[in-house]
*Asks:* 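Okay, here's the structure, questions in a sec.
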Amino acid sequence: MRLLIFASIFAFMAVVILASCSPQVIPLGSHNISLDFGGQNITIMPMTSNYEDCLGVATYYTKMVDKNTNSSSFAYLFRYDSPRPIGDSEKELKSIMDVMCDKMSIQPYKNGYISTGSDRLGGQALWGIVAPLNVRNNNYTTCVEIVASFKNGTLNEHIVRTAKL
């Protein structure tokens, strides 16, 4: 009987632990991304959207907050009225990371770019990734961007490297 109780408790705990470590699907516009927060207590704020008529770009964005440290990270989906060259996605990631980081590096990664740098305020490693979507003839009309800027540099790297965009 004790063995059955112990086995039941163990099985329940395994399911709870796996569920807390499973990736979370986050909607951005009509696109979904999947982020793995490594079991951390991250709150995902409701998505907001904005359209800039003069630039012809729709932005969908969500903020993610670590309740333990009150630090945040961001996920964006950009939709452009007219196609943009693939190189623009690298420039976009660089411009956002430059605002927050010292000693930033950026390099090709999968079908986009990945970046890391040292946070100017806290010194932890910040990570970012961008992936162009709807690519045609070396141009794209949509891209997804993640900037992981929690106070835990290891978590930031994990989120970016395991992101399913």
*Asks:* Is a side-chain N or O of Arg120 found less than 3.5 angstrom from the main chain of Val99, in a donor-acceptor match?
*Replies:*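 It does hold such a pair.
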*Asks:* Report yes if the side chains of His31 and Thr142 come closer than 4.5 Å at any heavy-atom pair, otherwise no.
*Replies:*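 His31 vs Thr142: side chains apart.
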*Asks:* Verify the neighbour count for atom CG of Asn70: are there more than 12 heavy atoms of other residues, nucleotides or ligands below 6.0 Å?
*Replies:*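 Open: at most 12 neighbouring heavy atoms sit under 6.0 Å from CG of Asn70.
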*Asks:* For the atom pair SG (Cys143) and CD1 (Ile129), what is the distance rounded to the nearest 0.5 Å?
*Replies:*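 Rounded to the nearest 0.5 Å, the SG-CD1 separation comes out at 11.5 Å.
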*Asks:* Please report the shortest heavy-atom distance between Pro132 and Gly112, naming the atom on each side.
*Replies:*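 Shortest heavy-atom separation between Pro132 and Gly112 comes out as CD-CA, 3.9 Å.
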*Asks:* Who passes salt bridge (charged side-chain N to carboxylate O under 4.0 Å, His left out) against Lys63, sequence neighbours left out?
*Replies:*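 Partners of Lys63 under the salt bridge (charged side-chain N to carboxylate O under 4.0 Å, His left out) test: none.
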*Asks:* At their closest point, which heavy atom of Gly38 faces which heavy atom of Leu155, and how far apart are they?
*Replies:*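 Heavy-atom minimum between the residues: N-CD1, 4.4 Å.
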*Asks:* Any idea which heavy atoms bring Ala75 and Ile146 closest together, and the distance?
*Replies:*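 In terms of heavy atoms, the two residues are closest at CB-CD1, 3.6 Å.
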*Asks:* Short question: side chain of Asn156, backbone of Ala125 - any donor-acceptor pair under 3.5 Å?
*Replies:*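 Here the side-chain-to-backbone pair exists.
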*Asks:* Applying the 4.5 Å side-chain criterion to the ILVMFWY set and letting contacts propagate, would Val65 and Leu35 be lumped into a single cluster?
*Replies:*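 Result: no, two separate clusters.
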*Asks:* Search all heavy atoms of Ser89 against all heavy atoms of Val130 and return the closest pair with its distance.
*Replies:*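 Looking at all heavy atoms of both residues, the shortest contact is O-CG1, 3.6 Å.
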*Asks:* List the steps, then state whether side chain to side chain contact (heavy atoms under 4.5 Å, CB included) holds for Lys110 with Leu165.
*Replies:* CA-CA 11 Å; Lys110 296 185 180 179; Leu165 309 175; over 6 Å; no
*Asks:* Output the distance between atom CZ (Phe37) and atom CD1 (Ile159), rounded to the nearest 0.5 Å.
*Replies:*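 Going from the CZ atom of Phe37 to the CD1 atom of Ile159 covers 5.5 Å.
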*Asks:* Keeping Thr116 on the side-chain end and Met104 on the backbone end, is there a donor-acceptor pair under 3.5 Å?
*Replies:*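 Checked: no pair found.
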*Asks:* With a 4.5 Å cut-off on side-chain heavy-atom distances among I, L, V, M, F, W and Y, is there a chain of contacts connecting Trp127 to Ile26?
*Replies:*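 Trp127 and Ile26: one cluster.
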*Asks:* Backbone N or O of Phe150 within a donor-acceptor pair of the Gln124 side chain at under 3.5 Å?
*Replies:*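 Side chain of Gln124 to backbone of Phe150, a donor-acceptor pair under 3.5 Å: yes, one is there.
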*Asks:* Examine the side chains of Arg79 and Ser30 and answer whether a donor and an acceptor come within less than 3.5 Å of each other.
*Replies:*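 Short answer, yes.
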*Asks:* What residues, two or more places apart in sequence or in another chain, satisfy side-chain hydrogen bond (donor to acceptor under 3.5 Å, both in side chains) together with Ser72?
*Replies:*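 Listed in chain order: nothing, the list is empty.
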*Asks:* Can you tell me how far CG of Asp66 sits from NZ of Lys151, rounded to the nearest 0.5 angstrom?
*Replies:*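 Result: 9.0 Å between the selected atoms.
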*Asks:* My understanding is that only residues two or more places apart in sequence, or in another chain, count here; which of them pass ring pair (Phe, Tyr, Trp, His ring centres under 6.0 Å) with Tyr140?
*Replies:*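 With sequence neighbours excluded, Tyr140 shows a ring pair (Phe, Tyr, Trp, His ring centres under 6.0 Å) to Tyr80, given in chain and number order.
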*Asks:* Examine Phe78 and Leu28 and state if one hydrophobic cluster contains both, with Ile, Leu, Val, Met, Phe, Trp and Tyr joined whenever side-chain heavy atoms are less than 4.5 Å apart.
*Replies:*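 The answer is no; the residues belong to distinct hydrophobic clusters.
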*Asks:* Same cluster for Val135 and Tyr113 if Ile/Leu/Val/Met/Phe/Trp/Tyr side chains link at under 4.5 Å?
*Replies:*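 Yes, it is one cluster - the side chains of Val135 and Tyr113 are joined through contacts under 4.5 Å.
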*Asks:* Please report the closest heavy-atom contact between Met97 and Leu126, naming both atoms and the distance.
*Replies:*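 Scanning both residues completely, I find the closest heavy atoms to be CE-O, 3.8 Å.
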*Asks:* How far does OG1 of Thr69 sit from CD1 of Ile42, to the nearest 0.5 angstrom?
*Replies:*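 Between atom OG1 of Thr69 and atom CD1 of Ile42 there are 7.0 Å.
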*Asks:* Looking at Ser49, is its backbone amide N or carbonyl O close enough to the side chain of Thr59 to form a donor-acceptor pair, meaning the two atoms are under 3.5 Å apart?
*Replies:*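 No: the side chain of Thr59 does not pair with the backbone of Ser49.
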*Asks:* Assigning hydrophobic clusters by single linkage (Ile, Leu, Val, Met, Phe, Trp, Tyr; side-chain heavy-atom cutoff under 4.5 Å), is Met100 placed with Tyr61?
*Replies:*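 Yes, because Met100 and Tyr61 connect within a single hydrophobic cluster, where side-chain heavy atoms sit under 4.5 Å apart.
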*Asks:* To the nearest 0.5 Å, tell me how far Arg161 CZ sits from Tyr109 OH.
*Replies:*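 Between Arg161 CZ and Tyr109 OH, I get 5.0 Å after rounding to 0.5 Å.
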*Asks:* Do you know which two heavy atoms are closest between Ser115 and Ser105, and how far apart they sit?
*Replies:*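 So the two residues come closest at OG-O, 2.8 Å.
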*Asks:* Nearest 0.5 angstrom please: Leu93 CG to Asp88 CG, how far?
*Replies:*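 The distance works out to 12.5 Å.
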